[in-house]
Amino acid sequence: MSLADTLFGRPLATSEERAEHIGVAAGIPIFGLDALTSAAYGPETALSLLIPLGLMGVHYIVPIITAIILLLCIVFFSYRQTIAAYPGGGGSYTVATENLGTGAGLLAAAALMIDYILTAAVGVSAGIEAVVSDQQWLLPHTLTLCLIVLALLAIVNMRGVKDTGAAFIIPTFLFVSTLIVTVAIGMLHVFKSGGHPVAAAEMPHALPATVGFLSLWLLMKAFSNGCAAMTGVEAVSNGVMAFRDPRAKNAQRTLTVIIGILIVLLFGISWLAKKYGIMAMDQGLPGYQSLLSLIVMAVFGRGWFFHFTMWSVFLALCLSANTAFADFPRLTRAIALNDFLPHVFVLRGRRLLFSYGIYALTAMTAVLLIAFKGRVDQLISLYAIGAFLAFTLSQAGMVIHWKKQGKAHRGHHWHMFVNGTGAVATGVTTIIVLVAKFTSGAWITALLVPTIIILMVVIKKHYRRVNGEVVEMAPLNLTNMQQPLVVIPMARWDRMTEKALRYGLLLSKEIKVVNVIGADGEQTLDPVWEANVLKPIRDQGLHEPELVTLHSNIRLVINPLMDYILELEQQNPDRKITVLLPELVVRHWWEYFLHNQRVQMLKLLLLLKGKQRIIVVNIPWYL
């Protein structure tokens, strides 16, 4: 078995695709881990904005999270309808494009691509943050750990959907079970103590208040930060095609389980934070611990369960980036099918995956982690805007979808109301999030969205031009079938150049062998030309090639060659110019560095500067 088979699994035949489909149990970790693990950092991101209020800020976390949960329920019912209406996969891009037009579809596509990249980055960095809270000596190595985890995630996802789901079921179960136990035992302690529980370990003191009251602006910022807990909700609707039949039903059940668990965790964690009086800590200060680690420590102390829970959280948060790995390749494929992204994103790899989407996501996530040094508090400022913009466009598109259905679909008015409510709610939230986070980093997302749209439009324009020039439905054109003019650059006479000349003699009766001589007195072909080339050709009665000698006073070989070939093209407007390039093919990659790369440079320049009548042919010599 090769190393590639060990890491990524054996190649799968197209006929094996059905076996790769998944059920609800595997669907939860694959498409829901991002949403579920947002309970680990969602309440903290909201509470961190209330640090200026001191300990008083804890009292506002439950109302803020309750508002987010209500919004989550609206989005949940909206996406259940989207899954039913689009059993082939109803992501925001598809829904917006079909119902609101291409412009809205591109807006949704750009927003979603940014959101998935941020999902991967935030998931990995939040996971490392969890383990650093337990093992603080790892803090200086945060970025390195983030990149290692990202690489491991990419390898796991390259093995295919089924293997990924099987690998993630246990970490998901451990994460959910440990947090539910924490919430349940914590609530039990609260009720037993009459609403005033005593922490099982010493808690760090909240920073002194610097603000006397909660302003509307501060409330909006806290709410917008907490909305990070809603990212990943759309993933199931994007990935309906990954489920086994009945696809829509299995996708809806998966979404229901995910949202139900998320609501319990979000409310439970924020309620315990209030009851235990635990305030979020400033991530930039020494001795930082996450809100979740403080709550687990308050309920159980710093014993074995604390360490077990934090490692479970670390594992789940790191794996939560898998939601992006599951959906980003499907999204890029859908966009590429409409010619708005390179067609390479449509290709399937060895495990029936859209591998190039995984490569692109891994690379862009790594860049983001490096740029922000793997810090969650800095990444979170860019987060949620793309998700809520996509939510809004998807729900608005569904309203138009139900309107088009009309009376042909029973209950279309109710469906329009549900999706319309979702569109209004997420639209208002999008504005709040954008305004509240704009100065702290959201402007980057706001700038990236139109930039990506422009890039996609340029790509579409290119493919439209290609199709206009290349697509030909007419019969084969057999006019102007002259033999080409063959040009062979030749520095010296050897076995490689002999092979090129032999092939040239098969192609045409008119061959020009070009020898460039520099000021340093490079080797010339004159001494061997008559005996080694012309004499054997005359003996066989073949047409003699012409030796063209060019002089270069500045020791450059490529420039005189390019000038000669382009001039030859202009002088022969009715002829094809075929350039034969003898090229050495070495056995090992490092051996390429031992040889000059003039052939590669000449080939590149001919492709860039040449036109339809210049044809480049490689003549390889294998060592």
Side-chain angles (χ1 to χ4, degrees), residues 34 38 41-42 44-46 48-49 92-93 103-104 106-126 128-129 142-143 146-147 150 217-218 220-232 234 282-284 320-321 323-324 327-328 331-332 335 340-341 357 360-393 426-459:
D34 174 36
S38 63
Y41 57 81
E44 180 176 7
T45 57
S48 63
L49 269 295
S92 296
Y93 172 69
L106 292 181
L107 182 59
L112 272 178
M113 282 194 286
I114 292 171
D115 181 64
Y116 284 138
I117 296 167
L118 284 167
T119 292
V122 169
V124 170
S125 57
I128 298 302
E129 178 192 278
T142 297
L143 178 58
C146 285
L147 295 177
L150 178 64
W217 176 246
L218 191 58
M220 286 174 58
K221 291 184 72 174
F223 173 77
S224 65
N225 256 27
C227 283
M230 288 185 58
T231 55
E234 192 204 43
D282 188 337
Q283 192 172 354
S320 70
T323 300
D327 274 352
F328 185 85
L331 173 65
T332 52
I335 301 170
F340 287 108
L341 280 180
L361 177 63
T362 304
M364 289 184 284
T365 303
V367 169
L368 201 60
L369 287 169
I370 293 169
F372 289 87
K373 300 178 181 178
R375 288 187 54 175
V376 180
D377 60 331
Q378 294 185 7
L379 287 166
I380 213 74
S381 298
L382 311 178
Y383 209 24
I385 297 171
F388 276 94
L389 183 56
F391 289 165
T392 304
L393 291 168
T426 54
V428 171
T429 305
T430 303
I431 295 171
I432 293 173
V433 171
L434 181 60
V435 171
K437 291 187 174 185
F438 192 82
T439 55
S440 58
W443 63 271
I444 299 175
T445 304
L447 187 64
L448 280 175
V449 168
T451 302
I452 292 173
I453 291 174
I454 292 171
L455 179 63
M456 289 190 289
V457 170
V458 170
I459 292 171

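Small disclaimer: the values here were computed from a predicted structure and weren't measured.
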Notebook entry, point to check: Given the rule in the side-chain contact (heavy atoms from CB on, under 4.5 Å) test, do Val124 and Thr365 qualify, once you have shown the distances and angles that lead to the verdict?
Noted result: CA-CA 10 Å; Val124 170; Thr365 303; 5.6 Å; no

How far does [atom1] of [X] sit from [atom2] of [Y], to the nearest 0.5 angstrom?
X: Leu447; Y: Ile444; atom1: CG; atom2: CD1; result: 8.5 Å
X: Ile452; Y: Leu341; atom1: CD1; atom2: CG; result: 9.5 Å
X: Leu389; Y: Thr445; atom1: CG; atom2: OG1; result: 10.5 Å
X: Phe388; Y: Ile431; atom1: CZ; atom2: CD1; result: 12.5 Å

Checklist line | side chain to side chain contact (heavy atoms under 4.5 Å, CB included) partner of Leu393, the single match among Thr430, Thr426, Leu112, Leu107 | finding: Leu107

Check: Any sub-3.5 Å donor-acceptor pair from Ser48's side-chain atoms to Thr45's backbone N or O?
Finding: yes

Please name the pair of heavy atoms, one in [X] and one in [Y], separated by the smallest distance, quoted to 0.1 Å.
X: Tyr116; Y: Leu361; value: O-CD1, 4.0 Å
X: Phe391; Y: Ser92; value: N-OG, 4.3 Å
X: Leu369; Y: Leu143; value: O-CD1, 3.4 Å
X: Met456; Y: Ala109; value: CE-CB, 4.2 Å
X: Cys146; Y: Ser125; value: SG-CA, 3.8 Å

Check: Under 4.5 Å between any side-chain heavy atoms of Ile117 and Leu368, yes or no?
Finding: yes

Notebook entry, point to check: Are Leu147 and Ile370 close enough that some pair of their side-chain heavy atoms sits under 4.5 Å apart?
Noted result: yes

Checklist line | Contacts of Thr429 that satisfy side-chain hydrogen bond (donor to acceptor under 3.5 Å, both in side chains) - sequence neighbours left out | finding: none

